[in-house]
Participant: 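My questions will all concern the structure given below.
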Amino acid sequence: MSAPLDDATRAIIRATVPALKAHGVDITTEMYKRLLAHPQIRDLFNMSHQRDGAQPKALALAVLAYAEHIDRLGALGGMVERIAEKHVGLNILPEHYPYVAEALLGAIAQVLGDAATPEILDAWGKAYWFLADILIGREKQIYDAHEAEPGGWVGWRAFRVRARRQETPAIVSFELVPVDGGPIARHKAGQYLSFRLDVPGHETQRRNYSISSAPGADHYRISVRRAEGGVVSPWLHDSVREGAELQVANPAGDFVLDEAAGGAVVLLTAGVGLTPAVSMLAELAAKAGRSVRYVHGSDTPETAAFVPDVCDLAARGVLTADFFFAHADGTVQDGGPGVTRHAGRVGTGWLRETLDREATYYICGPDAFMRDMVGTLRAVELPAAQIRYEFFGSAVDPELVV
């Protein structure tokens, strides 16, 4: 365990904040260039996020947040937990951390040039290893918990596609069972699976997909939207059939339904962001007793997945639902008991008007959607503990990093 950061080190880190604001993406871009020169490290990353610049930008925001909060690191607890969970999903190990340290410090030195004094590099070395030790410790706890739980595992495990279903023209669900025939860990509603995929014509790919099945089932289900121009999702849609085998890591993620909290729940989603919410709905339906509102935005009724399932739960009195269709013509048909259909997008005005101050909001969707929803809830001073959100891929919006 690294020693606590001393006052001098923290003062130097604070002093680098302006440089990070000006050159942070340049530093992280150079860092990834150095890091990905190592094949054993390159295979750990989603390379599409390197090509579109999302990963360097996301890391730059995280590094900046770390520097800005160096005197009150407790405020970064949520960010640290998200990182640790994602690292575990990708099977990041302690031996990977020295590569990152070398790449980060080398990048700072190259981008800042003479401004990167020995004192600055020494301070950032200490700050890096202080955070790295926290992550390594937390990740060990998660690995140990996975190994100890019934049906849990560490590393990669082969799963077979038992069934696949076309949910919408752009979303396909895959039902997965372990090849070894053993039990599977009960996931927490909202968690995801990480995959190591050998896509023909491409390097090994890593992806995370939220689990859309009910906790406690004999299988996991993921529901994948086809991203045109992507590498993995088109391959899954076009080539992965029943009987195919995929390498899967134990369920991970901290965006989970808080069963202990009690009280009302609002599931606020858009696009394929509904997948973790569908698993949460299954958990809530199984236990009942809580007020549940499901809100989902999609382009058209045809592009919204799991609508019949949600309508069935509404008809049974498990929940109320609001569907928003951005490209509707202004008149949408009645949704049945407990279901309201709207023309247009989920708006911030509507959110304010329907605000339930007693509810916990679970939010997932495109970054712009989440920024609007989270920003609105924060603006009306809903307690932070009642605003929970998950994003797919890299967080590239500064308002969503911490």
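One is the number of the first residue; the rest follow in order along the sequence. Please read all numbers here as calculations on a predicted model, not as lab measurements.
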Participant: Name the orientation class of the two ring planes belonging to Y143 and H146 (parallel below 30°, tilted from 30 to 60°, perpendicular beyond 60°).
Facilitator: perpendicular
Participant: Can you name the residues that form a ring pair (Phe, Tyr, Trp, His ring centres under 6.0 Å) with F369, not counting sequence neighbours?
Facilitator: none
Participant: Can a salt bridge be assigned to the pair R162 and E242 using a cut-off of 4.0 Å between side-chain N and carboxylate O?
Facilitator: no
Participant: Assess whether a salt bridge exists between D122 and K126, defined as any Lys/Arg side-chain N lying under 4.0 Å from an Asp/Glu carboxylate O.
Facilitator: yes
Participant: With a cut-off of 6.0 Å (strictly less than), are more than 12 heavy atoms of other residues, nucleotides or ligands near CD of E68?
Facilitator: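 Buried by this count: over 12 neighbours within 6.0 Å.
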Participant: Any donor-acceptor pair under 3.5 Å linking the side-chain atoms of T275 with those of S212?
Facilitator: no
Participant: Under a 3.5 Å threshold, yes or no: a donor from one side chain and an acceptor from the other, between Q110 and R34?
Facilitator: yes
Participant: Test salt bridge (charged side-chain N to carboxylate O under 4.0 Å, His left out) on D258 and K188; report intermediate values, then the result.
Facilitator: CA-CA 9 Å; D258 187 348; K188 297 177 182 177; over 6 Å; no
Participant: Can you measure from CG (L76) to CG (L131) and round to the nearest 0.5 angstrom?
Facilitator: 8.5 Å
Participant: Is the centre of the Y389 ring less than 6.0 Å from the centre of the F255 ring?
Facilitator: no
Participant: Is atom CZ of R290 surrounded by more than 12 heavy atoms (other residues, nucleotides or ligands) closer than 6.0 Å?
Facilitator: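 More than 12 within 6.0 Å, yes.
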Participant: Indicate whether any N or O donor in one side chain lies under 3.5 Å from an N or O acceptor in the other, for Q386 and T360.
Facilitator: no
Participant: Measuring centre to centre across the rings, with the benzene-like ring taken for any Trp, is W350 within less than 6.0 Å of F324?
Facilitator: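 Yes, they do, as the ring centres are separated by less than 6.0 Å.
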Participant: I want to know whether W235 and F195 have ring centres closer than 6.0 Å.
Facilitator: no
Participant: Any donor-acceptor pair under 3.5 Å linking the side-chain atoms of H296 with those of D322?
Facilitator: no
Participant: Show the numbers, then the answer: is there a salt bridge (charged side-chain N to carboxylate O under 4.0 Å, His left out) between D6 and R10?
Facilitator: CA-CA 6 Å; D6 56 59; R10 288 186 284 108; over 6 Å; no
Participant: Please find the pair of heavy atoms, one from R341 and one from C311, that lie closest to each other, and give the distance.
Facilitator: NH2-SG, 4.4 Å
